[in-house]
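To start, I am sharing the structure in question, which I have written as structure tokens.
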Amino acid sequence: SIQNNQALKWLNVKKNLRGILSLSLLALLFGCEKPRLSDLYQHKPRLVVISNFTTLDGIQVQVSKSRSPLDNGGTEYITNAKVEIWEGEQLLERLNLNDTREEKIPFYTSEVIKPRIGVDYTVKVSAPGFETVTATSRIPESVNLDSVLVEKLKATPDDPGFVRYDFDLAIYFTDPLIERNFYHVNVFQKSITPLKDGVDFLEQTKKLVFGSEVNSNYIVANYDGGLLIEDKLIDGRAIRIPIPISMRMPAHLQNFDELIVELRSVSEEYYLFHSTVSRQQDNDDLPFSDPVVLFNNIRNGQGVFAGYSQAKQAVVIKPK
């Protein structure tokens, strides 16, 4: 989205918004795990595969090369790999590399496959000089959002011409009984701001990123935005997740912001990968903390291949 410093409103989630880490940097994370001393000098590069797939799109796979902890260079992407998607013993499709002239990050994408819920898909990746890697995952059944509400809204005068709104974004859904379920709740802020000409508008959508202070026994703030949830303590219950939010908005604004909540029902591989990466990021600021072992479901390689389904609901902030 176009950056416009005058139109961009300050958004603060519990006074701690963390920078967004793109998936393109995950290969670096794998190259920077806390190693044994001998590994520093005997690193053998392996394929790093990153893919989160859902029913709405084809399957996209990013392939790169793992790095030694002594290597301070950037991520080295692999553009001559053979990437295949299998269902059992049947080859479904060989993925094509995107046009790297316009894209900063190369990835392989399917043109035929539209993944289905409950089907086990296997990715198989090979490249010259590397051991062939594989991984299997599926898209779990989706869980619907019961409602998304703005609760406990309080407006407070701020700097001249601005108002600060504090409220709970309350997310309600029902966790299926008995089954072990994992979720990723994303919150997007959609704002429409009139430009100086009075005719055109600037529309922006950005993902909210939360700090580790929201973590609990079953909630982890995801490094790339949103909250990761496991149902160990909430199995089969109707759930209310209140997210405290503070927003500073111009007092004269007539087009109030819309918040879009995305509830992803994610595979166990998805949850374990993203939660361990998030915990490792938190530990980077704590030099005496125990190291976090990153989850990895790529056999003979590193990374994650994981499915998810999703449900969405929007709510508009309407100050009284």
Side-chain angles (χ1 to χ4, degrees), residues 21-35 39 44-55 57-67 75 77-78 81-93 95 107-110 113 115-127 130-141 179-184 220 222-224 226 228-232 264-281 291-310:
L21 174 67
S22 68
L23 286 179
S24 64
L25 296 179
L26 293 179
L28 184 148
L29 289 175
F30 280 103
C32 294
E33 291 183 66
K34 298 177 177 61
D39 292 339
K44 181 180 179 181
R46 297 198 290 175
L47 291 177
V48 179
V49 175
I50 302 293
S51 178
N52 296 318
F53 60 94
T54 187
T55 57
D57 305 300
I59 296 178
Q60 293 186 347
V61 179
Q62 177 188 306
V63 183
S64 59
K65 172 184 176 182
S66 67
R67 294 195 292 108
T75 300
Y77 296 102
I78 306 297
K82 182 172 70 173
V83 182
E84 298 174 339
I85 302 297
W86 292 72
E87 182 182 341
E89 300 298 321
Q90 179 184 3
L91 173 61
L92 299 181
E93 187 175 354
L95 308 192
F107 57 87
Y108 298 83
T109 183
S110 64
I113 301 172
R116 293 172 289 141
I117 290 174
V119 176
D120 287 328
Y121 294 100
T122 297
V123 64
K124 182 178 181 181
V125 182
S126 58
F130 295 91
E131 191 172 0
T132 297
V133 303
T134 62
T136 301
S137 186
R138 64 167 55 190
I139 300 173
E141 291 284 348
E179 301 175 13
R180 191 179 183 193
N181 298 289
F182 304 91
Y183 305 98
H184 183 183
V220 176
N222 184 46
Y223 67 92
D224 191 32
L228 299 166
I229 303 169
E230 62 173 326
D231 73 345
K232 185 182 299 183
R264 293 185 176 183
S265 301
V266 305
S267 62
E268 185 174 7
E269 299 87 21
Y270 182 113
Y271 173 82
L272 291 175
F273 175 80
H274 288 272
S275 61
T276 55
V277 171
S278 299
R279 290 190 176 100
Q280 188 193 65
Q281 292 298 295
V292 176
V293 178
L294 293 180
F295 174 81
N296 167 45
N297 75 327
I298 307 297
R299 289 182 289 275
N300 301 323
Q302 298 172 337
V304 66
F305 179 71
Y308 69 93
S309 56
Q310 59 187 321

>> Quick check for you: to the nearest 0.5 Å, what is the distance between T122 atom OG1 and L91 atom CG?
In response: 11.5 Å

> How long is the gap from CD1 on I139 to OH on Y121, to the nearest 0.5 Å?
Replying inline: 6.5 Å

> Partners of E87 by side chain to side chain donor-acceptor pair (under 3.5 Å), sequence neighbours excluded?
Replying inline: R116

>> side chain to side chain contact (heavy atoms under 4.5 Å, CB included) for V123 and V83? Distances and angles first, verdict last.
In response: CA-CA 7 Å; V123 64; V83 182; 4.1 Å; yes

> salt bridge (charged side-chain N to carboxylate O under 4.0 Å, His left out) with E268: which residues, sequence neighbours excluded?
Replying inline: R180

> If every non-hydrogen atom of H274 is compared with every non-hydrogen atom of N52, which pair is closest and at what distance?
Replying inline: NE2-ND2, 3.3 Å

>> The criterion is side chain to side chain donor-acceptor pair (under 3.5 Å); which residues satisfy it with Y270, sequence neighbours excluded?
In response: H184, R264

>> If you apply the rule side chain to side chain contact (heavy atoms under 4.5 Å, CB included), what do you find for V61 with V49, and how did you get there?
In response: CA-CA 7 Å; V61 179; V49 175; 3.6 Å; yes

>> Would you say that V63 contacts L47 through its side chain, given a criterion of any heavy-atom pair below 4.5 Å between the two side chains?
In response: yes

> Shortest non-hydrogen contact from A127 to I78?
Replying inline: CB-CG2, 4.0 Å

> How far apart are the closest heavy atoms of Q302 and S66, and which atoms are they?
Replying inline: OE1-CB, 3.3 Å

>> Could you measure the distance from the CD1 atom of I298 to the OG1 atom of T136? Nearest 0.5 Å is fine.
In response: 9.5 Å

> side chain to side chain contact (heavy atoms under 4.5 Å, CB included) with D57: which residues, sequence neighbours excluded?
Replying inline: T54

> For P140, does its backbone N or O pair with a side-chain atom of S309 as donor and acceptor, under 3.5 Å?
Replying inline: yes

> Is any side-chain heavy atom of S278 closer than 4.5 Å to a side-chain heavy atom of L228?
Replying inline: yes

>> Under the ring pair (Phe, Tyr, Trp, His ring centres under 6.0 Å) test against Y271, which residue among F295, Y183, F182 passes?
In response: F182

> Could you go step by step and tell me if N300 and R46 meet the side chain to side chain contact (heavy atoms under 4.5 Å, CB included) rule?
Replying inline: CA-CA 8 Å; N300 301 323; R46 297 198 290 175; 5.6 Å; no

> If you measure from OG on S267 to OH on Y308, what distance do you get to the nearest 0.5 Å?
Replying inline: 11.0 Å

> Strictly by modelled atom types, are T134 and R299 linked by a side-chain donor-acceptor pair under 3.5 Å?
Replying inline: yes

> Would you say N296's side chain and G301's backbone share a donor-acceptor pair under 3.5 angstrom?
Replying inline: yes

>> So, using side chain to side chain donor-acceptor pair (under 3.5 Å) as the criterion, who are the partners of D120 when residues are at least two apart?
In response: R138

>> To the closest 0.5 Å, what do you measure between CG (L92) and CD1 (I59)?
In response: 8.0 Å

>> What's the separation between atom OH in Y223 and atom CZ in R279, rounded to the nearest 0.5 Å?
In response: 13.5 Å

>> Quick check: F53 with F305 (ring centres under 6.0 Å apart)?
In response: yes

> With T109, which residues qualify under side chain to side chain donor-acceptor pair (under 3.5 Å), at least two apart?
Replying inline: none

> Yes or no on side chain to side chain contact (heavy atoms under 4.5 Å, CB included) for N297 and F273, after CA distance, side-chain angles and deciding distance?
Replying inline: CA-CA 8 Å; N297 75 327; F273 175 80; over 6 Å; no

